[in-house]
Structure formats: structure tokens, C-alpha cells
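Just follow the structure's listing: the first ligand is 1, and inside any ligand the first atom is 1. Source: prediction; values computed, not measured. Values below: every heavy atom of this structure, side chains too, minus hydrogens, waters and symmetry copies.
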Amino acid sequence: MERTFAVIKPDAVRRNITGKILDRIEAAGFSIVGMKRILLTKEQAMGFYYVHRERPFYDELCSYMASGPIVVLALEKEDAIAGWRSLMGATNPADAAEGTIRREFGLSLGENSVHGSDSPESAAFEIPYFFNCLELV
Ligand code: DAT
Ligand code: MG
């Protein structure tokens, strides 16, 4: 069993499609072991996306992530990290494969509806950034 970290981003929460995305997650066999709806400050978003601090889109990305409530999730399944990346689809919804969440719900490269850890190292940073051990069940 492996755990990964997922976010339902502000564009999706704002459009009331949280339930539709959770349905896709559960239908794919993930167990939701942690879940909460939160509103990040821009500083908290900057800490989360620290790996992208040198990128030209960092400021815009962090403002967007703090622009409205998000739903943060810890998901468990065999090969959860790769499995969730594959269910999400490519970063740009225009490039995402048919049947993926970003293809179905994403609005643009920036407003692409969901986040997922890209490696075990990322998951090990991202899950405890949002959840303590009592919140993972
Ligand atoms: P992913 O979310 O697929 O892991 P990433 O880690 O490369 O993609 O980038 C994080 C987020 O930043 C991504 O979901 C959307 C945004 N982003 C990526 N590249 C961008 C770009 N060239 N312009 C604007 N936003 C971008
Ligand atoms: Mg990433």
C-alpha cells in the first residue's frame, strides 16, 4: 500500500464539482484516509509549492491556490502515486488523455482542477504539510 497527496483546487471547489471528483477517486479504488476543506493563505501556498519558487508562474500559482477553498486529501492504494497521476491526466487539460479528471474538468493550464504528488519524496513532504497522524485513518 502507498499513500499520495491530492488537492481539489479552487476552480473545482468553486464550481461545486468536489463530489464528482471524489466519486472518480473512490470509483478508481482509492481509500480516502484524510480529507479536509481549507483556505490557504498565500504564504501557506508558497510553502506548499516551494519546489517551484524559481519558476516564472510561481507567484500566479500561489495567488490562485489561495484564491478560494480547496479540499486536501490523503489517498491510499497500491501504487497510489502513479495511479493518481494517471487518473488526473497531463498538467495542461488540453494535453490530458480522454477519461482523465483534468481532461473532463480542467479549465486551463493554471486552473487544472487537481494536484497530485509526483514522487514518494513529494508525498512524504506534502501529506504532513496538511495532516497530522491523528487525521490519517
Ligand atoms: P503538476 O500539477 O502536473 O504536477 P507542475 O508541478 O509542473 O504540474 O506545476 C504545478 C502547477 O503549476 C500546475 O498544476 C499548473 C501550474 N503550472 C505549471 N506550468 C505552468 C505554466 N507554464 N504556466 C502557468 N502555470 C503553470
Ligand atoms: Mg507537480
Determine whether more than 12 heavy atoms belonging to other residues, nucleotides or ligands lie under 6.0 Å from atom [atom1] of [X].
| X | atom1 | result |
| --- | --- | --- |
| E60 | CD | no |
| Y50 | OH | no |
| R37 | CZ | no |

Indicate yes or no: does an N/O atom of [X] lie under 3.5 Å from an N/O atom of ligand 1?
| X | value |
| --- | --- |
| N112 | yes |
| R85 | yes |
| K9 | yes |

Is there a heavy atom of M65 sitting under 4.0 angstrom from any atom of ligand 1?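 No heavy atom of M65 comes that close to ligand 1.
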pair P120-I81: side-chain heavy atoms closer than 4.5 Å: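 Side-chain contact under 4.5 Å: yes.
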Protein heavy atom at shortest distance from [atom]:
| atom | value |
| --- | --- |
| atom 11 (C) of ligand 1 | L61 CD1, 3.8 Å |
| atom 2 (O) of ligand 1 | R102 NH2, 3.0 Å |
| atom 22 (N) of ligand 1 | L109 CD2, 3.6 Å |
| atom 24 (C) of ligand 1 | F57 CB, 3.6 Å |
| atom 5 (P) of ligand 1 | H52 NE2, 3.6 Å |
| atom 3 (O) of ligand 1 | T91 OG1, 2.6 Å |

Decide, yes or no, whether a salt bridge links K9 with E111 under the criterion of side-chain N to carboxylate O below 4.0 Å.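 Here K9 does not pair with E111 in a salt bridge, since their nearest N and O are not under 4.0 Å apart.
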Okay, side chain of R103, backbone of A96: is any donor-acceptor separation there less than 3.5 Å?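 Side chain of R103 to backbone of A96, a donor-acceptor pair under 3.5 Å: yes, one is there.
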What part of D118, side chain, backbone, both or neither, has a heavy atom within less than 4.0 angstrom of ligand 1?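 The answer is neither.
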Quick one: look at E111 and ligand 1, take heavy-atom pairs under 4.0 Å, and tell me if it's side chain, backbone, both or neither.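 The answer is neither; E111 stays 4.0 Å or more away.
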To the nearest 0.5 Å, what is the distance between CD on E26 and CG on L75?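 The distance works out to 9.5 Å.
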Please tell me whether R14 and S67 have a donor and an acceptor in their side chains that are separated by less than 3.5 angstrom.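 Yes, side-chain donor-acceptor contact under 3.5 Å.
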